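Here, residue 1 is the first one in the sequence, and each next residue gets the next number. All heavy atoms count here, side chains included; hydrogens, waters and symmetry mates do not. These numbers come from a predicted model, not from an experiment.
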Amino acid sequence: MHSSPPFNAPAARRLRAALGMAPGHVAYGLRAQYGLVVAPETVMAWERGEISPSSAELTALAGVLWCSPGELLAEPVTLREHRMARGLAADELARRIGLETSAYQKMEDTGRWKGNERQSAALATVLGLSLAQFVTATGKHEELAELLRSAVTTRWQAYVKPLGKLLPIPKQHLERVLEQLHAEYQSRMVATLSWGGGQGEAGSGDAGREFLTGIVDRFWQIAGGTA
């Protein structure tokens with residue numbers, strides 16, 4: 001059983017008002033156009049944020065309000081939410097990225113993306129995901145952080161391939177980003193070691209930990225936000 005997508009109640013109320021419709025008009029449209037029996041009171045509850053429409057109700061509501069489903073959603077986070085925001089059915093998205101519907105649906109249900117590099121790139125393109133959105137939606141944030149920490153503290157070249165499998169990003173661009181991250185980490189360590197003699201080692205450890213803690217955010221800053 002799927003949870004409801006993140007419904008944007010103020011947007012629904014604003015769109016209805018802009019069309020000069022009352023909640024009863026919306027309820028009538030849902031029934032007449034889509035065969036959904038929804039009471040005007042339910043439409044009002046949606047707009048107050050007390051309850052959220054189901055996926056089918058949200059798609060139909062978008063039709064009645066002459067908008068895209070994405071305009072009725074809050075900021076999407078999961079794969080399913082991004083798909084809903086684009087108004088795509090699971091089977092259509094699966095076809096466009098080269099997956100069997102059942103395989104894609106399992107990944108969406110579990111929140112764990114297992115597509116290959118080509119499928120990952122297609123997913124990011126079809127859903128219009130930034131790199132950060134892609135990582136969050138596919139459940140890869142912790143894996144990315146661990147790979148980046150290893151890359152900057154050892155030989156970054158060894159992590160180009162595994163990171164390339166994880167992210168829809170060109171190899172040459174990824175190499176430049178990793179090289180810069182590695183250089184920044186090493187320069188920070190060297191600089192802090194040169195401060196204050198005996199206190200340098202502790203300072204270096206603190207500086208290193210601080211850098212590693214924020215390494216994913218720094219990665220986004222260097223890599224850019226668009227996949």
Side-chain angles (χ1 to χ4, degrees), residues 70 75-88 90-192 204 207-227:
E75 186 66 28
V77 176
T78 67
L79 270 182
R80 178 170 178 267
E81 291 167 3
H82 282 288
R83 174 176 63 77
M84 288 293 301
R86 291 285 171 173
L88 295 171
D91 58 349
E92 181 182 357
L93 178 57
R95 177 181 57 77
R96 292 176 64 176
I97 62 180
L99 278 170
E100 294 291 332
T101 301
S102 59
Y104 169 77
Q105 192 67 67
K106 183 176 181 180
M107 295 182 204
E108 185 179 281
D109 290 344
T110 60
R112 296 295 299 175
W113 174 252
K114 296 183 179 179
N116 59 32
E117 293 177 53
R118 180 184 59 79
Q119 292 162 342
S120 293
L123 180 73
T125 299
V126 173
L127 295 181
L129 302 176
S130 69
L131 283 172
Q133 289 174 326
F134 176 87
V135 169
T136 300
T138 55
K140 304 279 188 186
H141 188 275
E142 288 304 317
E143 185 178 354
L144 172 63
E146 184 58 34
L147 286 171
L148 290 175
R149 284 192 288 265
S150 297
V152 301
T153 56
T154 57
R155 291 182 65 255
W156 65 263
Q157 295 88 342
Y159 292 89
V160 173
K161 187 173 182 179
L163 280 164
K165 291 181 178 180
L166 187 72
L167 297 170
I169 181 173
K171 180 182 177 182
Q172 290 184 334
H173 183 44
L174 181 57
E175 288 175 338
R176 289 194 296 270
V177 173
L178 289 180
E179 185 175 14
Q180 183 174 336
L181 276 174
H182 184 270
E184 288 183 5
Y185 175 75
Q186 296 301 324
S187 64
R188 180 170 297 202
M189 296 294 283
V190 170
T192 51
S204 173
R209 282 191 295 272
E210 180 183 355
F211 186 87
L212 294 177
T213 298
I215 195 166
V216 173
D217 289 337
R218 182 60 183 143
F219 177 80
W220 300 140
Q221 292 171 4
I222 301 173
T226 304

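- Rounded to the nearest 0.5 angstrom, Glu143 CD and Leu148 CG are separated by 10.5 Å.
- Here Leu144 contributes atom CG and Leu167 contributes atom CG; the two are 5.5 Å apart, rounded to the nearest 0.5 Å.
- Of all non-hydrogen atoms in Ala124 and Pro168, the two that sit nearest each other are CB-CG, 3.9 Å.
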From CA spacing to verdict: side chain to side chain contact (heavy atoms under 4.5 Å, CB included), Glu117, Lys171:
CA-CA 11 Å; Glu117 293 177 53; Lys171 180 182 177 182; over 6 Å; no
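- Taken to the nearest 0.5 Å, the CG atom of Leu127 stands 8.5 Å off from the CZ atom of Arg96.
- Under the rule for a side-chain contact (heavy atoms from CB on, under 4.5 Å), the partners of Lys161 that lie at least two apart in sequence or sit in another chain are Lys165.
- Between the CD atom in Glu179 and the CG atom in Leu174 there is a gap of 11.5 Å [rounded to 0.5 Å].
- Atoms CG and CD1, on Leu147 and Ile215 in that order, are 10.5 Å from each other to the nearest 0.5 Å.
- For Arg118, there are no salt bridge (charged side-chain N to carboxylate O under 4.0 Å, His left out) partners, not counting sequence neighbours.
- Using cut-offs of 30° and 60° for the angle between ring planes, the Trp113 and Phe134 rings count as perpendicular.
- One side chain, Glu108 or Tyr104, offers a donor N or O that lies under 3.5 Å from an acceptor on the other.
- For Glu184, the salt bridge (charged side-chain N to carboxylate O under 4.0 Å, His left out) criterion is met by Arg218, not counting sequence neighbours.
- Looking only at atom types and distance, the side chain of Asp109 has a donor-acceptor partner in the side chain of Gln105 under 3.5 Å away.
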Just do the side chain to side chain contact (heavy atoms under 4.5 Å, CB included) check on Leu123 and Leu79 with the steps written out, would you?
CA-CA 10 Å; Leu123 180 73; Leu79 270 182; 3.7 Å; yes
